[in-house]
*Asks:* 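Below is one structure. I have some questions about it.
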Number of protein chains: 2
Amino acid sequence: MVLFDILGQRWTLRILWELRLKRLTFRELRVRCENVSPTVLNTRLKSLRELNLVDHDADGYGHTSLGHELATQLATLDGWSQKWAKSLDMLDQ
Amino acid sequence: MVLFDILGQRWTLRILWELRLKRLTFRELRVRCENVSPTVLNTRLKSLRELNLVDHDADGYGHTSLGHELATQLATLDGWSQKWAKSLDMLDQ
DNA sequence: ATGTATGCTACTAATAGTGTAGCATCAAGA
DNA sequence: TCTTGATGCTACACTATTAGTAGCATACAT
(Lines give C-alpha, C1' and ligand atoms only; values in the text may rest on other atoms or scores of the structure.)
Protein backbone atom coordinates (compact mmCIF):
# COMPACT_ATOMS: atom_id res chain seq x y z
CA MET A 1 0.00 0.00 0.00
CA VAL A 2 1.90 2.96 -1.34
CA LEU A 3 -0.74 5.42 -0.20
CA PHE A 4 -0.55 4.25 3.40
CA ASP A 5 3.21 4.52 3.40
CA ILE A 6 2.87 8.16 2.44
CA LEU A 7 -0.01 9.03 4.74
CA GLY A 8 1.82 7.27 7.55
CA GLN A 9 4.50 9.92 7.63
CA ARG A 10 4.29 12.56 10.27
CA TRP A 11 2.33 15.65 9.14
CA THR A 12 1.22 14.30 5.79
CA LEU A 13 -2.36 13.59 6.82
CA ARG A 14 -2.45 16.84 8.71
CA ILE A 15 -1.26 18.86 5.74
CA LEU A 16 -3.90 17.34 3.48
CA TRP A 17 -6.47 18.02 6.16
CA GLU A 18 -5.53 21.65 6.65
CA LEU A 19 -5.88 22.35 2.96
CA ARG A 20 -9.46 21.10 2.92
CA LEU A 21 -11.10 24.54 3.18
CA LYS A 22 -8.92 26.78 1.07
CA ARG A 23 -5.49 27.24 -0.39
CA LEU A 24 -2.83 28.27 2.08
CA THR A 25 0.61 29.77 1.77
CA PHE A 26 3.65 27.91 3.01
CA ARG A 27 3.71 30.04 6.13
CA GLU A 28 0.00 29.78 6.84
CA LEU A 29 0.29 26.03 6.51
CA ARG A 30 3.17 26.01 8.96
CA VAL A 31 1.15 27.87 11.57
CA ARG A 32 -1.83 25.56 11.16
CA CYS A 33 0.43 22.55 11.54
CA GLU A 34 1.66 23.64 14.95
CA ASN A 35 4.69 25.35 13.46
CA VAL A 36 6.08 22.23 11.93
CA SER A 37 9.65 22.84 10.87
CA PRO A 38 9.96 24.30 7.38
CA THR A 39 12.36 21.50 6.49
CA VAL A 40 9.73 18.84 7.00
CA LEU A 41 6.92 20.88 5.56
CA ASN A 42 8.86 21.45 2.39
CA THR A 43 9.79 17.78 2.12
CA ARG A 44 6.16 16.73 2.52
CA LEU A 45 4.87 19.29 0.06
CA LYS A 46 7.43 18.14 -2.45
CA SER A 47 6.23 14.53 -2.10
CA LEU A 48 2.59 15.50 -2.25
CA ARG A 49 3.21 17.51 -5.39
CA GLU A 50 5.04 14.64 -7.04
CA LEU A 51 2.13 12.40 -6.17
CA ASN A 52 -0.25 14.85 -7.76
CA LEU A 53 -2.23 15.38 -4.59
CA VAL A 54 -1.18 18.97 -3.97
CA ASP A 55 -0.20 21.81 -6.24
CA HIS A 56 1.13 25.32 -5.89
CA ASP A 57 0.20 28.58 -7.55
CA ALA A 58 0.10 32.29 -6.82
CA ASP A 59 -2.50 31.76 -4.09
CA GLY A 60 -0.35 29.21 -2.29
CA TYR A 61 -0.71 25.49 -1.84
CA GLY A 62 -3.91 23.57 -2.42
CA HIS A 63 -5.42 20.26 -3.40
CA THR A 64 -5.34 18.96 -6.91
CA SER A 65 -8.56 17.31 -8.05
CA LEU A 66 -7.19 13.99 -6.84
CA GLY A 67 -6.09 15.56 -3.58
CA HIS A 68 -9.59 16.88 -3.18
CA GLU A 69 -11.03 13.42 -3.66
CA LEU A 70 -8.69 12.07 -1.04
CA ALA A 71 -9.58 14.85 1.36
CA THR A 72 -13.23 13.96 0.91
CA GLN A 73 -12.49 10.46 2.08
CA LEU A 74 -10.57 11.83 5.02
CA ALA A 75 -13.61 13.90 5.91
CA THR A 76 -15.72 10.79 6.31
CA LEU A 77 -12.94 9.33 8.40
CA ASP A 78 -13.10 12.46 10.49
CA GLY A 79 -16.82 12.02 10.89
CA TRP A 80 -16.37 8.50 12.12
CA SER A 81 -13.68 9.63 14.55
CA GLN A 82 -16.17 11.82 16.41
CA LYS A 83 -18.20 8.79 17.37
CA TRP A 84 -15.04 6.88 18.18
CA ALA A 85 -13.77 9.68 20.42
CA LYS A 86 -17.04 9.68 22.32
CA SER A 87 -16.92 5.96 22.89
CA LEU A 88 -13.39 6.37 24.21
CA ASP A 89 -14.58 8.94 26.73
CA MET A 90 -17.19 6.48 27.90
CA LEU A 91 -14.51 3.88 28.54
CA ASP A 92 -12.34 6.25 30.53
CA GLN A 93 -15.11 7.02 32.98
CA MET B 1 -7.75 15.68 14.79
CA VAL B 2 -6.57 13.14 17.29
CA LEU B 3 -7.18 10.25 14.93
CA PHE B 4 -4.93 11.73 12.27
CA ASP B 5 -2.16 12.31 14.78
CA ILE B 6 -2.25 8.62 15.58
CA LEU B 7 -2.60 7.32 12.06
CA GLY B 8 0.18 9.66 10.99
CA GLN B 9 2.74 7.68 12.91
CA ARG B 10 4.90 5.32 11.00
CA TRP B 11 3.44 1.77 10.86
CA THR B 12 0.15 2.56 12.53
CA LEU B 13 -1.91 2.53 9.33
CA ARG B 14 0.01 -0.48 8.14
CA ILE B 15 -0.65 -2.43 11.31
CA LEU B 16 -4.38 -1.73 11.14
CA TRP B 17 -4.31 -2.73 7.51
CA GLU B 18 -2.49 -6.00 8.06
CA LEU B 19 -5.03 -7.08 10.64
CA ARG B 20 -7.91 -6.69 8.21
CA LEU B 21 -8.14 -10.38 7.25
CA LYS B 22 -7.44 -12.24 10.44
CA ARG B 23 -5.84 -12.05 13.83
CA LEU B 24 -2.06 -12.23 13.82
CA THR B 25 0.54 -12.96 16.44
CA PHE B 26 3.13 -10.37 17.35
CA ARG B 27 5.69 -12.15 15.22
CA GLU B 28 3.42 -12.65 12.23
CA LEU B 29 2.59 -8.98 12.36
CA ARG B 30 6.26 -8.11 12.41
CA VAL B 31 6.94 -10.14 9.29
CA ARG B 32 4.01 -8.59 7.45
CA CYS B 33 5.22 -5.13 8.40
CA GLU B 34 8.60 -5.61 6.75
CA ASN B 35 10.18 -6.72 9.99
CA VAL B 36 9.46 -3.51 11.80
CA SER B 37 11.48 -3.40 14.97
CA PRO B 38 9.74 -5.03 17.92
CA THR B 39 10.25 -1.87 19.91
CA VAL B 40 8.10 0.16 17.58
CA LEU B 41 5.57 -2.59 17.00
CA ASN B 42 5.02 -2.98 20.69
CA THR B 43 4.70 0.77 21.18
CA ARG B 44 2.11 1.02 18.42
CA LEU B 45 0.13 -1.97 19.63
CA LYS B 46 0.06 -0.49 23.09
CA SER B 47 -1.37 2.77 21.72
CA LEU B 48 -3.88 1.01 19.53
CA ARG B 49 -5.05 -1.07 22.46
CA GLU B 50 -5.45 1.99 24.64
CA LEU B 51 -7.48 3.59 21.87
CA ASN B 52 -9.70 0.54 21.72
CA LEU B 53 -8.90 -0.16 18.09
CA VAL B 54 -6.94 -3.34 18.63
CA ASP B 55 -7.10 -6.09 21.21
CA HIS B 56 -5.13 -9.16 22.13
CA ASP B 57 -6.17 -12.68 23.01
CA ALA B 58 -4.91 -16.25 22.73
CA ASP B 59 -5.11 -16.07 18.92
CA GLY B 60 -2.93 -12.97 18.79
CA TYR B 61 -3.74 -9.38 17.90
CA GLY B 62 -6.86 -8.29 16.07
CA HIS B 63 -9.34 -5.51 15.53
CA THR B 64 -11.88 -4.52 18.09
CA SER B 65 -15.30 -3.72 16.67
CA LEU B 66 -14.25 -0.08 16.38
CA GLY B 67 -10.98 -1.09 14.80
CA HIS B 68 -12.94 -3.12 12.32
CA GLU B 69 -15.06 -0.11 11.43
CA LEU B 70 -11.95 1.94 10.89
CA ALA B 71 -10.38 -0.76 8.75
CA THR B 72 -13.51 -0.74 6.61
CA GLN B 73 -12.98 2.93 5.92
CA LEU B 74 -9.37 2.27 5.11
CA ALA B 75 -10.51 -0.33 2.62
CA THR B 76 -12.46 2.26 0.66
CA LEU B 77 -9.38 4.47 0.81
CA ASP B 78 -7.45 1.55 -0.59
CA GLY B 79 -9.96 1.19 -3.39
CA TRP B 80 -9.59 4.84 -4.33
CA SER B 81 -5.81 4.53 -4.25
CA GLN B 82 -5.91 1.99 -7.10
CA LYS B 83 -7.39 4.57 -9.42
CA TRP B 84 -5.02 7.20 -8.11
CA ALA B 85 -2.00 4.97 -8.70
CA LYS B 86 -3.11 4.39 -12.28
CA SER B 87 -3.46 8.09 -12.95
CA LEU B 88 0.03 8.59 -11.57
CA ASP B 89 1.42 6.03 -14.02
CA MET B 90 -0.24 7.94 -16.84
CA LEU B 91 1.54 11.11 -15.76
CA ASP B 92 4.96 9.48 -15.62
CA GLN B 93 4.77 8.32 -19.21
C1' DA C 1 14.38 -32.17 29.49
C1' DT C 2 14.16 -30.44 25.09
C1' DG C 3 12.46 -28.03 21.36
C1' DT C 4 9.51 -24.42 19.72
C1' DA C 5 6.61 -20.56 19.71
C1' DT C 6 5.06 -16.75 22.16
C1' DG C 7 5.38 -11.54 23.65
C1' DC C 8 8.55 -8.54 24.67
C1' DT C 9 12.94 -5.77 26.47
C1' DA C 10 17.74 -3.90 25.86
C1' DC C 11 21.07 -1.67 23.45
C1' DT C 12 23.67 0.82 19.79
C1' DA C 13 23.68 2.89 15.30
C1' DA C 14 21.29 5.27 11.92
C1' DT C 15 17.66 8.26 10.45
C1' DA C 16 14.17 11.72 10.84
C1' DG C 17 12.34 15.76 12.92
C1' DT C 18 12.79 20.23 15.69
C1' DG C 19 13.76 24.95 16.32
C1' DT C 20 15.91 28.94 15.05
C1' DA C 21 18.18 32.05 12.01
C1' DG C 22 18.38 33.92 7.88
C1' DC C 23 18.65 34.32 2.61
C1' DA C 24 16.79 35.45 -2.10
C1' DT C 25 12.86 37.05 -4.57
C1' DC C 26 9.04 39.81 -5.51
C1' DA C 27 5.45 43.46 -5.13
C1' DA C 28 3.59 47.62 -3.10
C1' DG C 29 4.20 52.15 -0.98
C1' DA C 30 6.63 56.38 0.20
C1' DT D 1 14.82 54.45 -5.73
C1' DC D 2 14.70 52.79 -1.31
C1' DT D 3 12.27 50.60 2.19
C1' DT D 4 8.95 47.42 3.97
C1' DG D 5 6.74 43.30 4.25
C1' DA D 6 5.45 38.89 2.60
C1' DT D 7 6.78 34.96 0.12
C1' DG D 8 9.16 30.12 -0.35
C1' DC D 9 12.76 27.99 1.26
C1' DT D 10 17.73 26.45 3.00
C1' DA D 11 21.31 25.72 6.76
C1' DC D 12 22.61 23.88 10.83
C1' DA D 13 23.05 22.18 15.48
C1' DC D 14 20.27 19.64 18.61
C1' DT D 15 16.90 16.08 19.97
C1' DA D 16 13.77 12.39 19.31
C1' DT D 17 12.44 8.43 16.92
C1' DT D 18 13.26 4.24 14.52
C1' DA D 19 16.14 0.30 12.86
C1' DG D 20 18.42 -3.81 13.63
C1' DT D 21 20.01 -7.36 16.30
C1' DA D 22 20.37 -10.19 20.38
C1' DG D 23 18.27 -12.39 23.76
C1' DC D 24 15.11 -13.24 27.92
C1' DA D 25 10.98 -15.26 30.28
C1' DT D 26 6.94 -17.87 29.75
C1' DA D 27 4.15 -21.54 28.10
C1' DC D 28 3.04 -25.60 25.80
C1' DA D 29 4.08 -30.03 23.31
C1' DT D 30 7.11 -33.90 22.62
Side-chain angles (χ1 to χ4, degrees), chain A residues 1-68 71 74, chain B residues 1-68 71 74:
Chain A
M1 269 307 306
V2 182
L3 181 63
F4 290 173
D5 292 347
I6 293 141
L7 298 183
Q9 288 186 294
R10 195 170 289 175
W11 298 114
T12 307
L13 270 168
R14 177 69 171 265
I15 290 168
L16 285 169
W17 183 242
E18 293 297 341
L19 293 176
R20 88 203 105 106
L21 296 176
K22 61 177 172 101
R23 301 184 78 83
L24 297 170
T25 67
F26 189 91
R27 299 198 171 194
E28 285 170 336
L29 205 42
R30 266 201 79 199
V31 171
R32 286 182 188 252
C33 292
E34 297 165 51
N35 280 302
V36 55
S37 78
T39 322
V40 174
L41 180 55
N42 188 38
T43 306
R44 295 294 181 272
L45 286 172
K46 204 174 286 181
S47 299
L48 289 170
R49 282 201 273 181
E50 282 169 6
L51 297 169
N52 198 26
L53 293 172
V54 161
D55 59 16
H56 184 229
D57 65 17
D59 295 330
Y61 288 94
H63 288 144
T64 60
S65 53
L66 278 170
H68 181 70
L74 296 183
Chain B
M1 267 304 306
V2 182
L3 182 63
F4 290 174
D5 291 347
I6 293 142
L7 298 183
Q9 289 185 294
R10 195 169 287 173
W11 299 114
T12 307
L13 270 168
R14 177 69 170 266
I15 291 168
L16 285 170
W17 183 242
E18 293 297 342
L19 292 176
R20 88 203 104 105
L21 297 176
K22 61 176 171 104
R23 300 185 79 84
L24 296 171
T25 67
F26 188 92
R27 298 197 171 193
E28 284 169 337
L29 206 42
R30 266 201 78 199
V31 171
R32 285 180 190 253
C33 293
E34 297 164 52
N35 280 302
V36 55
S37 78
T39 323
V40 173
L41 180 54
N42 188 36
T43 307
R44 295 294 181 272
L45 286 173
K46 205 173 286 181
S47 299
L48 288 170
R49 282 200 273 179
E50 281 169 5
L51 296 169
N52 198 26
L53 294 172
V54 161
D55 59 16
H56 185 229
D57 64 18
D59 295 330
Y61 289 93
H63 288 144
T64 60
S65 53
L66 279 168
H68 181 70
L74 296 183

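Everything numeric in this text was worked out from a predicted model, so none of it was measured. A note on names: the letters A, B, ... follow the listed sequences, proteins ahead of strands, and every chain is numbered from 1.
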*Asks:* Is the shortest side-chain N/O distance from A:R10 to OP1 or OP2 of D:dA16 below 4.0 Å?
*Replies:*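 Answer no for this pair, as no side-chain N or O of A:R10 is under 4.0 Å from OP1 or OP2.
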*Asks:* To the nearest Å, give me how far apart CD (A:Q9) and P (D:dT17) are.
*Replies:*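 Interatomic distance, CD of A:Q9 to P of D:dT17: 16 Å.
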*Asks:* How do B:T43 and A:L24 order along DNA chain D: which one's closest nucleotide is nearer the 5' end?
*Replies:*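 Whichever sits nearer the 5' end wins; that is A:L24.
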*Asks:* A:R23 side chain to A:A58 main-chain N or O, any donor-acceptor pair under 3.5 Å?
*Replies:* no
*Asks:* Among B:L7, B:T12, B:L13, find the residue that satisfies the side chain to side chain contact (heavy atoms under 4.5 Å, CB included) test when tested with A:L7.
*Replies:* B:L13
*Asks:* Which residue in the set A:L19, A:I6, A:L48 passes side chain to side chain contact (heavy atoms under 4.5 Å, CB included) when paired with A:L53?
*Replies:* A:L48
*Asks:* Determine: side-chain N/O of B:W11 to OP1/OP2 of D:dA19, distance under 4.0 Å, yes or no.
*Replies:*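 So the side chain of B:W11 is within the cut-off, an N or O lying under 4.0 Å from OP1 or OP2 of D:dA19.
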*Asks:* Tell me whether the side-chain N/O atoms of A:R44 come closer than 4.0 Å to OP1 or OP2 in C:dG17.
*Replies:* yes
*Asks:* Do you know which of A:Q9, A:R32, A:R44 makes side chain to side chain contact (heavy atoms under 4.5 Å, CB included) with A:I15?
*Replies:*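 Result for side chain to side chain contact (heavy atoms under 4.5 Å, CB included) with A:I15: A:R44.
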*Asks:* Under 4.0 Å from OP1 or OP2 of D:dT7: is there any side-chain N or O of A:Y61 that close?
*Replies:*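 For A:Y61, the contact criterion (side-chain N or O under 4.0 Å from OP1 or OP2 of D:dT7) is not met.
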*Asks:* Which nucleotide, D:dC9, C:dT6, C:dA16, lies nearest any side-chain atom of A:R49?
*Replies:*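 Between D:dC9, C:dT6, C:dA16, the one nearest the side chain of A:R49 would be D:dC9.
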*Asks:* Could you check how far CD1 of B:I15 sits from P of D:dT18, rounded to whole Å?
*Replies:* 11 Å
*Asks:* Does some side-chain heavy atom of B:T64 sit less than 4.5 Å from a side-chain heavy atom of B:R49?
*Replies:*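 No, too far: nothing below the 4.5 Å cut-off.
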*Asks:* Could you check how far CG of A:L41 sits from P of C:dG19, rounded to whole Å?
*Replies:* 14 Å
*Asks:* Would B:E50 and B:K46 pass as an ion pair if we require N to O under 4.0 Å?
*Replies:* no
*Asks:* Rounded to the nearest angstrom, tell me the gap between atom CG in B:L48 and atom P in C:dG7.
*Replies:*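 The answer, rounded to whole Å, is 15 Å.
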*Asks:* On the 0 to 90° scale, with breaks at 30° and 60°, tag the A:Y61-A:H56 ring pair as parallel, tilted or perpendicular.
*Replies:* parallel
*Asks:* Please list each protein N or O that sits under 3.5 Å from an N or O in nucleotides 10-15 of chain D, with the distance.
*Replies:*
| from | atom 1 | to | atom 2 | distance (Å) |
| --- | --- | --- | --- | --- |
| D:dT10 | OP2 | A:N42 | ND2 | 2.3 |

*Asks:* To the nearest Å, how far apart are A:N35 CG and C:dA21 P?
*Replies:*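 Whole-Å distance recorded here is 13 Å.
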*Asks:* With nearest nucleotide decided by heavy atoms, which residue, A:R27 or B:D59, maps closer to the 5′ end of DNA chain C?
*Replies:* B:D59
*Asks:* Using OP1 and OP2 only, check whether a side-chain N or O of B:S37 sits under 4.0 Å from D:dG20.
*Replies:* no
*Asks:* Check the distance between C:dT6's C1' and B:H56's NE2 and give it to me in whole angstrom.
*Replies:*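 After rounding, the reported distance stands at 8 Å.
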*Asks:* Can you tell me the distance, in whole Å, between the CG atom of B:L45 and the P atom of C:dC8?
*Replies:* 7 Å
*Asks:* What is the distance, rounded to the nearest whole Å, between atom CG of A:D5 and atom P of C:dA16?
*Replies:* 14 Å
